[in-house]
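For reference, the structure is listed below as structure tokens.
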Amino acid sequence: MTAALRGVVTPLVTPLTDTGELDEDALGRVVDEQLGAGARAVFVGGSTGEVALQPDAVRRRVVEVAVAAAAGRAPVIAGAMDTGTLRVVGHAVAAVEAGAAAVVAAPPFYIAPGVAEVVRHYELIAAAVEVPVVAYDIPAATHSPLPLPALARLAQQGTIAAFKDSSGDLAGFRRALAALRGTGVTALTGSEVFADVAVQLGASGIVPGLGNVDPNGYPAILRAVEAGDPAAAAAEQERLIALFAIIDVADRSRIGFTAGALGAFKAAMWLRGVLDSPRTFAPLSPLTDAEIDRIREILIRAGLTVVR
């Protein structure tokens, strides 16, 4: 299983119908497209999947649908995100029961935990499930960074199998790579914009939300790096950085960052014909028609085909 915590592991959006129900058919299409493009695994229930806004029953059903769609071709990894350890353990157990091959958890948040408390958090998760545990650092969302001493201890004692860094801090990622060296714990970057550099520094894989919009781009970066062609990797990274501009299209005086970014991902996938609706979970506001028109233009400039 740990071999799947390498390469491109796409954090999937969670498709909804126009009336707000989980769109199981669309989720199956997303899984098929990602695996067809070269993703080594898919990650449901992450930040890109709007996990913080999902009812528990939807969280579980998303795992079940993704596992059925993957049909043994690749593992499904599931997020177990919540404020406290007991709630996270509950989500992790439910995800494994639904077929998840690994679980991803951020540190506890709201409580501002110390290093020992973060370590204990992951120890209790690992004790509750018989699948690999991935430690997830996304301080922009949790406001509770994963402390480097805690990461080092968890890696040294074998509590975690992998580390996903979505801090956006390249220097911090380098320090994390040094702390993980020799432990067997893999490091994954969640950055859309310096994925090429992160892989060249030693990241074992990429977990890019933008991969939902362009499934082929990040596998191309990995292939270029593995072929010893950093120039080709950089060129593809630059194309994807230009595509990533879709997250800044929405008027931030009208809607928040998350609504603008995740709404842009879903709007782009709707324009490409992968989703039947660009709807996001409440309370996120939708993009306007004019904003979607601008996203269409960006997709076309990036070489993507749109059908709407």
Side-chain angles (χ1 to χ4, degrees), residues 3-15 23-49 62 65-78 101-102 104 164 186 188-196 198-199 203-227 229 232-244 246-247 262 264-276 278 295-296 298-308:
L5 300 174
R6 297 175 177 273
V8 174
V9 180
T10 310
L12 304 186
V13 301
T14 304
D23 190 335
E24 298 186 3
D25 290 340
L27 180 55
R29 290 196 297 272
V30 174
V31 171
D32 284 340
E33 181 176 64
Q34 291 299 322
L35 298 185
R40 292 281 296 274
V42 292
F43 170 28
V44 298
S47 304
T48 302
V62 167
V65 172
V67 168
R73 292 174 291 166
V76 174
I77 299 165
V104 183
K164 177 181 182 290
T186 57
L188 309 169
T189 178
S191 173
E192 282 89 357
V193 297
F194 57 73
D196 62 329
V199 173
S204 298
I206 310 170
V207 190
L210 188 64
N212 287 276
V213 177
D214 186 343
N216 297 298
Y218 292 95
I221 287 177
L222 277 177
R223 289 194 299 270
V225 172
E226 290 167 355
D229 191 348
E236 183 64 1
Q237 180 68 87
E238 290 297 325
R239 186 185 69 83
L240 291 167
I241 289 172
L243 176 61
F244 199 45
I246 63 173
I247 72 166
L262 299 186
F265 286 175
K266 284 186 165 180
M269 297 172 76
W270 176 75
L271 288 167
R272 291 181 49 240
V274 182
L275 300 187
D276 294 327
I295 290 171
R296 182 185 295 106
I298 294 171
L299 297 182
I300 292 170
R301 285 201 300 270
L304 299 179
T305 300
V306 299
V307 299
R308 293 185 171 93

Contacts of [X] that satisfy side-chain hydrogen bond (donor to acceptor under 3.5 Å, both in side chains) - sequence neighbours left out:
X      : result
Arg73  : Asp32
Thr14  : Gln54
Asp276 : Arg29

Restricting to non-hydrogen atoms, name the atom on [X] and the atom on [Y] that form the minimum distance, rounded to 0.1 Å.
X      : Y      : value
Leu243 : Ile298 : O-CG2, 3.9 Å
Pro208 : Val9   : CD-O, 4.0 Å
Leu27  : Val13  : CD1-O, 4.2 Å
Gly217 : Leu240 : C-CD1, 3.8 Å
Met269 : Val30  : CE-CG2, 3.7 Å
Gly28  : Ala69  : CA-CB, 3.8 Å

Exercise for review: First locate atom CD of Glu236, then atom CD1 of Ile221, and finally report the distance between them rounded to the nearest 0.5 Å.
Suggested key: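 With rounding to 0.5 Å, CD (Glu236) is 6.0 Å from CD1 (Ile221).
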Revision key, fill the gap. So CD1 of Ile206 and CG of Leu222: to nearest 0.5 Å the spacing works out to 4.0 Å
Check your understanding: Between the main-chain N or O of Leu210 and the side-chain N or O of Glu192, is there a donor-acceptor pair closer than 3.5 Å?
Key ->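 Pair found, side chain donor or acceptor close to backbone of Leu210.
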Are [X] and [Y] side-chain neighbours, meaning at least one heavy-atom pair lies under 4.5 Å?
X      : Y      : value
Leu12  : Thr48  : no
Arg6   : Thr186 : yes
Phe265 : Ile246 : yes

For [X], all residues meeting side chain to side chain contact (heavy atoms under 4.5 Å, CB included), sequence neighbours excluded:
X      : result
Ala232 : Ala224, Asp229
Pro215 : Glu33, Gln34, Ala37, Arg272
Ala70  : Val31, Leu35, Val76

Exercise for review: Quick one: list whatever passes salt bridge (Lys or Arg N to Asp or Glu O under 4.0 Å) with Lys164, sequence neighbours left out.
Suggested key: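 Lys164: no salt bridge (Lys or Arg N to Asp or Glu O under 4.0 Å) contacts found.
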Hey, can you pull the donor-acceptor pairs under 3.5 Å for the side chains in residues 301-308, sequence neighbours left out?
from	atom 1	to	atom 2	distance (Å)
Arg308	NH1	Trp270	O	2.4
Arg308	NH1	Leu275	O	3.4

Review point. Is there any side-chain hydrogen bond (donor to acceptor under 3.5 Å, both in side chains) pair reaching into residues 207-220, and which pairs are they, with sequence neighbours excluded?
Key: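 Pairs touching residues 207-220 that pass the test: Asp214-Arg239.
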